[in-house]
Amino acid sequence: MGALQSFPAQPQFADLAEKTGFSCEQIGVLHKRFKQLSHNEETLRRDDFSGIPDLACNPIRSQIIEAFFDRRNFRQNMGGTVEEITFEDFLVVMSHFRPPSVDMTEEQRESVRQEKLRFLFNMHDTDNDGTITLEEYRHWARGIMFSARPSVPPLLVSSVPQERLQYGINIHRDWRID
């Protein structure tokens with residue numbers, strides 16, 4: 001009985017399940033993990049993610065962590081970042097990593113695909129200006145290359161032709177990427 005008391009109330013589970021697509025059982029497991037990471041606090045901070053061993057060796061670790069604090073990923077049409085996130089914020093961001101449900105309509109699948117594309121775009125548009133600039137791309141490529149092969153010279157990453165990314169990468173309303 002004590003374990004159930006540490007989870008949000010059942011009506012809140014239903015609201016969160018509707019908002020995120022997670023089952024009530026999955027929400028309970030994620031709530032337990034949230035409480036572990038936050039040391040039983042009501043909010044998580046960036047430093048709390050240092051307790052995740054698999055994340056420590058991920059080449060895009062910083063982008064993943066920042067994604068949790070980027071308001072664009074909270075499904076509220078807001079920009080900027082926050083210093084702390086609630087369980088609901090955590091759950092909404094985690095839902096971007098969920099695979100689509102097998103019983104989704106084609107329209108729902110397309111909506112999920114677009115949402116995931118926007119989420120990934122936001123991870124690399126670090127200055128929140130709607131464009132992945134050449135410098136943002138190079139920062140990402142350096143992180144990937146150095147984690148895979150620490151001996152890759154920085155000049156190799158910088159040798160991406162400037163004309164290829166002269167205007168940066170943009171995502172349009174019709175989900176085309178330039």
Side-chain angles (χ1 to χ4, degrees), residues 1-130 132 136 140 143 171-175 177:
M1 186 164 163
L4 292 176
Q5 291 175 349
S6 67
F7 293 149
Q10 282 297 340
Q12 186 179 355
F13 264 29
D15 291 344
L16 292 173
E18 179 72 28
K19 187 173 187 174
T20 64
F22 287 117
S23 69
C24 289
E25 183 180 337
Q26 290 169 322
I27 292 171
V29 170
L30 288 167
H31 187 261
K32 183 177 179 181
R33 183 64 172 142
F34 178 89
K35 287 299 197 176
Q36 287 172 335
L37 291 171
S38 70
H39 308 287
N40 286 322
E41 297 293 328
E42 296 299 315
T43 59
L44 270 176
R45 301 182 62 82
R46 285 171 180 82
D47 293 343
D48 294 325
F49 284 84
S50 64
I52 304 173
D54 289 339
L55 194 54
C57 61
N58 192 307
I60 60 169
R61 174 184 182 275
S62 63
Q63 288 97 328
I64 293 170
I65 293 171
E66 285 307 310
F68 281 92
F69 298 90
D70 185 336
R71 285 185 176 156
R72 296 175 296 176
N73 298 328
F74 296 166
R75 296 186 183 132
Q76 297 173 350
N77 296 324
M78 298 171 63
T81 60
V82 295
E83 295 300 312
E84 299 178 334
I85 58 171
T86 64
F87 176 63
E88 183 174 341
D89 299 332
F90 174 77
L91 204 57
V92 168
V93 175
M94 286 296 294
S95 72
H96 292 288
F97 295 98
R98 272 180 78 261
S101 173
V102 293
D103 59 346
M104 285 185 172
T105 66
E106 201 55 44
E107 186 177 306
Q108 290 170 321
R109 283 187 181 282
E110 181 59 22
S111 177
V112 167
R113 188 187 75 74
Q114 290 176 4
E115 196 173 281
K116 288 178 183 297
L117 181 60
R118 171 59 67 187
F119 175 74
L120 290 170
F121 182 87
N122 290 346
M123 283 179 72
H124 300 293
D125 176 24
T126 56
D127 61 4
N128 198 3
D129 68 352
I132 297 174
E136 288 168 327
W140 171 79
I171 191 167
H172 299 280
R173 291 182 196 265
D174 64 358
W175 299 99
I177 296 178

Backbone N/O of Ser23 and side chain of Gln26: donor-acceptor pair under 3.5 Å: yes
Under 3.5 Å donor-acceptor, His96 side chain and Asn73 backbone: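 Judged by distance alone, yes, a pair lies under 3.5 Å.
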Can you name the residues that form a salt bridge (charged side-chain N to carboxylate O under 4.0 Å, His left out) with [X], not counting sequence neighbours?
X: Lys19; value: Glu88
X: Glu41; value: none
X: Glu107; value: none

What are the two closest heavy atoms between [X] and [Y], and how far apart are they?
X: Arg109; Y: Pro100; result: NH1-CB, 3.6 Å
X: Lys116; Y: Phe97; result: NZ-C, 3.9 Å
X: Ile85; Y: Val82; result: CG2-CG2, 3.8 Å
X: Met104; Y: Val112; result: CE-CG2, 3.5 Å
X: Leu30; Y: Phe90; result: O-CE2, 4.0 Å
X: Cys24; Y: Ala14; result: SG-N, 4.4 Å

Verdict with supporting geometry, Leu44 and Phe68, side chain to side chain contact (heavy atoms under 4.5 Å, CB included): CA-CA 10 Å; Leu44 270 176; Phe68 281 92; over 6 Å; no
Residue pair Asp89, Thr86: steps toward the side-chain hydrogen bond (donor to acceptor under 3.5 Å, both in side chains) verdict: CA-CA 5 Å; Asp89 299 332; Thr86 64; 3.2 Å; yes
Say you draw a straight line from [atom1] of [X] to [atom2] of [Y]; how long is it, rounded to the nearest 0.5 Å?
X: Ile132; Y: Thr126; atom1: CD1; atom2: OG1; answer: 9.0 Å
X: Asp47; Y: Phe49; atom1: CG; atom2: CZ; answer: 10.5 Å
X: Glu25; Y: Ile27; atom1: CD; atom2: CD1; answer: 11.0 Å
X: Leu16; Y: Phe13; atom1: CG; atom2: CZ; answer: 8.0 Å
X: Ile64; Y: Leu55; atom1: CD1; atom2: CG; answer: 5.5 Å

Side-chain heavy atoms of His39 within contact of Asp48, under 4.5 Å: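 Counting from C-beta outward, His39 and Asp48 do come under 4.5 Å.
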Side-chain heavy-atom pair Leu91, Phe22 within 4.5 angstrom cut-off: yes
Salt bridge (charged side-chain N to carboxylate O under 4.0 Å, His left out): pairs with one or both residues in residues 91-105, sequence neighbours excluded: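 As it turns out, there is no salt bridge (charged side-chain N to carboxylate O under 4.0 Å, His left out) pair with a partner in residues 91-105 once direct neighbours are skipped.
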Residue pairs passing the salt bridge (charged side-chain N to carboxylate O under 4.0 Å, His left out) test where at least one lies in residues 62-82, sequence neighbours excluded: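 Sorted pair list: Arg46-Glu66, Asp70-Arg72, Arg72-Asp125, Arg75-Glu115.
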Residues forming a side-chain hydrogen bond (donor to acceptor under 3.5 Å, both in side chains) with Thr43, sequence neighbours excluded: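 Only Glu84 meet the side-chain hydrogen bond (donor to acceptor under 3.5 Å, both in side chains) criterion with Thr43.
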Audit row: Glu136, His124, side chain to side chain contact (heavy atoms under 4.5 Å, CB included) steps and yes/no: CA-CA 7 Å; Glu136 288 168 327; His124 300 293; 5.8 Å; no
Parallel, tilted or perpendicular, as decided by the 30° and 60° cut-offs, for the rings of Phe87 and His31: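 Taking Phe87 first and then His31, their aromatic rings stand perpendicular (interplane angle over 60°).
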Verdict with supporting geometry, Phe69 and Phe74, side chain to side chain contact (heavy atoms under 4.5 Å, CB included): CA-CA 9 Å; Phe69 298 90; Phe74 296 166; 5.8 Å; no
